[in-house]
**Q** 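Here it is: the structure, laid out below.
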Amino acid sequence: MDSVRGTETPKDPKKGYIALLGWSVNAIKAAQKFDRRYVVVAPEWAEDFCTANKIPFIAWDFIRLNDRSMEIAEKLKAEGVDVAIPLFEETVEWSGAINSVLMDSPRMYGQSILFRDKALMKRRAQLGGIRVGIFEEAHEKEDVVRFMKRVNQTLLKLDGDPDDPIHVKAFDKAGCLGHRMIRTMEEIEHIPDEEYPLLMESHLDGWEFAVEAWIHDGKIQFLNISEYVTLGYSVFVPATRELESWRDAITKQIEKLIKTFDIQFGLIHPEYFVTADGEMYFGEVAYRPPGFKAFELIERAYGFNAYQASMLVFDPKSTKEEVANFFPREVVDAKGYAGCFGVYPRRRVVSKLEMPKETIEHPYFDFHELVPPAEETVPDRSAFGTHWGLVFFYGDDPIKMRDLLKAQEDLDFYV
């Protein structure tokens, strides 16, 4: 890494000192090429790598909450750190707690709880006049049965009509983890007891998309719209002209979100639905980098480093001029379209990784991160499941990109 080769960018002591919460090699590489001092706060298993690569490091166990939890905030304050940046869902609460100490702002911890607890998050959104679907918490199976019956009764379903589906989600997990679509009463039986309590939501028929918005001084500095081709499978940036035509309406929604959640700085990653009649519904919002390597896709399309962008807007010592000069113009400054596809084995038994010709011979194929299978039997997917790796594409036509990503769903990568 740059820290070993002696090619790391010199750090400016007048600019902020940043703590990166969680382990991300790409975030560390970005920090090494940036002009801010940084320290990585990650579990003990990262220590040997950091020592070997001369990476500033503090060991911390994010899983353990106890009476020593305040210690990390005090340690970082004594070190002179200005701000802690969460890299993963599990470190969002920690960043809120730490920043409330570093910035002497107790409200920041409460705000981070809103970003973590999906039920509280939706209530706060409702209080701000943001449209959300029907939602409730479930503590046991009977709660899910009752909710599904009530939703379908509200929709005036008659006996014999197919039920409208509902969604159940973990309260505080990232992305598709713990997310299930329940179409029949029988499927409720398949939810394991350990997944309770959970959040239940009505189904929204519409176009789902995500946003990455960098905020500084309470204002949007750069807003990317990520277009989902199939939720949990594929995404690309920038979006098609059709979705980009909603940009003004989407921007107004994000401004409402910033006001409702009182966000002064940082990166947010909200998800929305646009329904057929043009109404926009809020899904959820995260205060950390999105999954599916969206930061890397944004860099491929635009050329700026999205991790550095986050360090810039989080840093309380960044100036308005520096922030304004960092970001390109949305859409018009993109050099191309970058997309990725999450691979799930389609067979029950696999023996090897075999990249389909249709994929690697396509002019848009960029690279992949798939590895040979560790075992032959493919485990059953729980809920939406976790992909086995990503395949990346880059090209100049968003419609071709969308069709290409959709076509990957019919191919076998593991045979």
**Q** Could you give the distance from CZ (F135) to NZ (K118), rounded to the nearest 0.5 Å?
**A**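 So the gap between those two atoms works out to 13.5 Å.
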
**Q** Does R288 come within less than 4.0 Å of E212, counting only side-chain N to carboxylate O?
**A**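 Judged by the 4.0 Å cut-off on N to carboxylate O distance, R288 and E212 do not form a salt bridge.
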
**Q** Does any non-hydrogen side-chain atom of V132 lie less than 4.5 Å from one of Y281?
**A** no

**Q** Would you check, one step at a time, whether the test side-chain contact (heavy atoms from CB on, under 4.5 Å) holds for L370 with V343?
**A** CA-CA 8 Å; L370 301 177; V343 172; 3.9 Å; yes

**Q** Walk me through whether V40 and I58 qualify under side-chain contact (heavy atoms from CB on, under 4.5 Å).
**A** CA-CA 6 Å; V40 174; I58 293 175; over 6 Å; no

**Q** Can you tell me if CG on N66 sees more than 12 non-hydrogen neighbours from other groups inside 6.0 Å?
**A** yes

**Q** Just checking K317: does its NZ atom have more than 12 heavy atoms from other residues, nucleotides or ligands closer to it than 6.0 angstrom?
**A**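 More than 12 within 6.0 Å, yes.
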
**Q** Regarding E136 and R150, does a basic nitrogen lie under 4.0 Å from an acidic carboxylate oxygen?
**A**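 Salt bridge between E136 and R150, a charged N being under 4.0 Å from a carboxylate O: yes.
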
**Q** As an exercise, state the distance from CD of E142 to CD1 of I188, rounded to the nearest 0.5 Å.
**A**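 One finds 9.5 Å between CD of E142 and CD1 of I188.
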
**Q** Do Y17 and E79 get their side chains close enough for a donor-acceptor pair, meaning under 3.5 Å?
**A** yes

**Q** Can you see whether Q32 engages S3 through a side-chain donor-acceptor pair at a distance of less than 3.5 angstrom?
**A** yes

**Q** Answer yes or no: is there an ion pair linking E322 with R36, defined by an N-O contact shorter than 4.0 Å?
**A**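 Answer for the salt bridge query: yes.
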
**Q** Kindly give the heavy-atom pair with the smallest separation between V350 and P345, and that separation in Å.
**A** CG1-CB, 4.4 Å

**Q** Can you name the nearest heavy-atom pair linking V323 to L312, along with the distance?
**A**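 Smallest heavy-atom distance, with atoms named: CA-CD2, 3.8 Å.
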
**Q** Can you tell me if N152 and T154 form a side-chain donor-acceptor pair at under 3.5 Å?
**A** no

**Q** Let me confirm one number: the NZ-CD1 distance from K29 to I55, rounded to the nearest 0.5 Å.
**A** 10.0 Å

**Q** Rounded to the nearest 0.5 Å, how far does CG of L411 lie from CD of Q408?
**A**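 Between atom CD of Q408 and atom CG of L411 there are 5.0 Å.
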
**Q** So, applying side-chain contact (heavy atoms from CB on, under 4.5 Å) with I98, which one of V81, V41, T91, I72 is it?
**A** I72

**Q** Using the salt bridge (Lys or Arg N to Asp or Glu O under 4.0 Å) definition, which of the options E187, E189, E195, E201 pairs with R180?
**A** E195

**Q** Should we say atom NZ of K141 is surrounded by more than 12 heavy atoms from elsewhere, each under 6.0 Å from it?
**A**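 Counting other residues, nucleotides and ligands, NZ of K141 exceeds 12 neighbours.
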
**Q** Without hydrogens or angle criteria, can the side chains of E296 and N26 be said to hold a donor-acceptor pair below 3.5 Å?
**A** yes

**Q** Supply the atom-to-atom distance F393 CZ to M401 CE, rounded to the nearest 0.5 angstrom.
**A** 8.0 Å

**Q** Closer than 4.0 angstrom, basic N to acidic O: yes or no for E284 and K169?
**A** yes

**Q** Parallel, tilted or perpendicular: which one describes the rings of F236 and Y337, with boundaries at 30° and 60°?
**A** perpendicular

**Q** Taking it one step at a time, do D12 and R37 satisfy salt bridge (Lys or Arg N to Asp or Glu O under 4.0 Å)?
**A** CA-CA 7 Å; D12 186 341; R37 290 165 295 156; over 6 Å; no

**Q** Is the closest basic N to carboxylate O distance between R247 and E244 below 4.0 Å?
**A** yes

**Q** Please check if atom CZ in R346 has more than 12 non-hydrogen atoms from other residues, nucleotides or ligands closer than 6.0 Å.
**A**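 Enclosed.
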
**Q** Does the plane of the ring in F326 sit parallel, tilted or perpendicular to the ring in F34? Use 30° and 60° as the thresholds.
**A**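 Geometry flag for F34 against F326: perpendicular rings.
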
**Q** When you check the gap from the basic side-chain N to the acidic O, do K15 and D35 get nearer than 4.0 Å?
**A** yes

**Q** Give the minimum heavy-atom separation between A84 and N99, together with the two atoms involved.
**A**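 Closest approach of A84 to N99, heavy atoms only: N-OD1, 2.8 Å.
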
**Q** Give me the ring orientation class for F304 and F222: parallel if the planes are under 30° apart, tilted from 30 to 60°, perpendicular past 60°.
**A**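 Ring orientation, 0 to 90° scale: perpendicular.
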
**Q** Quick one: are the ring centres of F261 and F115 less than 6.0 Å apart?
**A**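 Ring centroids of F261 and F115 are less than 6.0 Å from each other.
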
**Q** Is it true that, when you exclude E376 itself, more than 12 heavy atoms of the residues, nucleotides or ligands shown sit nearer than 6.0 Å to its CD?
**A**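 It does not: E376 CD has 12 such atoms or fewer within range.
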
**Q** Quick one: closest heavy-atom pair of R64 and S69, and the distance?
**A**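 Nearest pair, atom of R64 first, then S69: O-OG, 4.1 Å.
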
**Q** Any salt bridge linking E255 with K252? Criterion: basic side-chain nitrogen under 4.0 Å from a carboxylate oxygen.
**A**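 A salt bridge is absent here (no side-chain N lies under 4.0 Å from a carboxylate O).
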
**Q** Near R183 CZ, under 6.0 Å, is it more than 12 heavy atoms from other residues, nucleotides or ligands?
**A**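 At most 12 heavy atoms, drawn from other residues, nucleotides or ligands, come within 6.0 Å of this atom.
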
**Q** What about W214 and F295, are their ring centers closer than 6.0 Å?
**A**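 Judged by ring-centre distance (under 6.0 Å), W214 and F295 do meet the cut-off.
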
**Q** Testing the basics here: between Q111 and D262, what is the closest heavy-atom pair and its distance to 0.1 Å?
**A** NE2-O, 2.9 Å

**Q** Can you confirm whether K11 is buried at NZ, in the sense that more than 12 heavy atoms of other residues, nucleotides or ligands lie under 6.0 Å from that atom?
**A**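 Above 12, so yes.
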
**Q** Scan R146, R123, K122 and name whichever one has a salt bridge (Lys or Arg N to Asp or Glu O under 4.0 Å) with E137.
**A**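 Passing option: R123.
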
**Q** With salt bridge (Lys or Arg N to Asp or Glu O under 4.0 Å) as the criterion, how do E74 and K77 come out once you've worked through the C-alpha distance, each side chain's angles and the decisive distance to 0.1 Å?
**A** CA-CA 5 Å; E74 289 163 345; K77 191 167 190 175; over 6 Å; no

**Q** Have H216 and Q221 got a donor and an acceptor in their side chains that come within less than 3.5 Å?
**A** no

**Q** Mind listing the closest non-hydrogen atom pair of G128 and T260 along with its distance?
**A** CA-OG1, 3.6 Å

**Q** Looking only at side-chain N and O atoms, does S234 offer a donor or acceptor that is under 3.5 Å from a partner on K406?
**A** no

**Q** Passes side-chain contact (heavy atoms from CB on, under 4.5 Å), I166 versus F147? Steps please.
**A** CA-CA 9 Å; I166 63 167; F147 180 76; 3.9 Å; yes

**Q** Assess the pair W388 and Y414: is the distance between their ring centroids shorter than 6.0 Å?
**A**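 Distance test on ring centres: under 6.0 Å, yes.
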
**Q** Taking P43's backbone N and O only, do any of them form a donor-acceptor pair with W23's side chain (distance below 3.5 Å, no angle check)?
**A** no

**Q** Does Y109 have any ring pair (Phe, Tyr, Trp, His ring centres under 6.0 Å) partners at least two apart in sequence or in another chain, and if so, which?
**A**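 Once residues adjacent in sequence are excluded, Y109 has no partner under the ring pair (Phe, Tyr, Trp, His ring centres under 6.0 Å) criterion.
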
**Q** Let me confirm one number: the CZ-CG distance from F314 to D82, rounded to the nearest 0.5 Å.
**A** 13.5 Å

**Q** Within a strict 4.5 Å, meaning less than it, do heavy atoms of the V274 and Y272 side chains meet?
**A** no

**Q** ring-ring contact (aromatic ring centres under 6.0 Å, His included) between Y344 and Y233: does it pass, once the steps are laid out?
**A** CA-CA 9 Å; Y344 301 88; Y233 277 94; 4.8 Å; yes

**Q** Please walk me through it: do H269 and V211 pass side-chain contact (heavy atoms from CB on, under 4.5 Å)?
**A** CA-CA 5 Å; H269 165 58; V211 171; over 6 Å; no

**Q** In the structure I gave you, are the side-chain heavy atoms of N224 and Y302 within less than 4.5 Å of one another anywhere?
**A** yes

**Q** Just by distance, no angles: are the side chains of Y228 and E271 close enough, under 3.5 Å, to form a donor-acceptor pair?
**A** yes

**Q** Could you please spell out the steps behind the salt bridge (Lys or Arg N to Asp or Glu O under 4.0 Å) verdict for K54 and E8?
**A** CA-CA 11 Å; K54 299 181 180 171; E8 189 165 345; over 6 Å; no

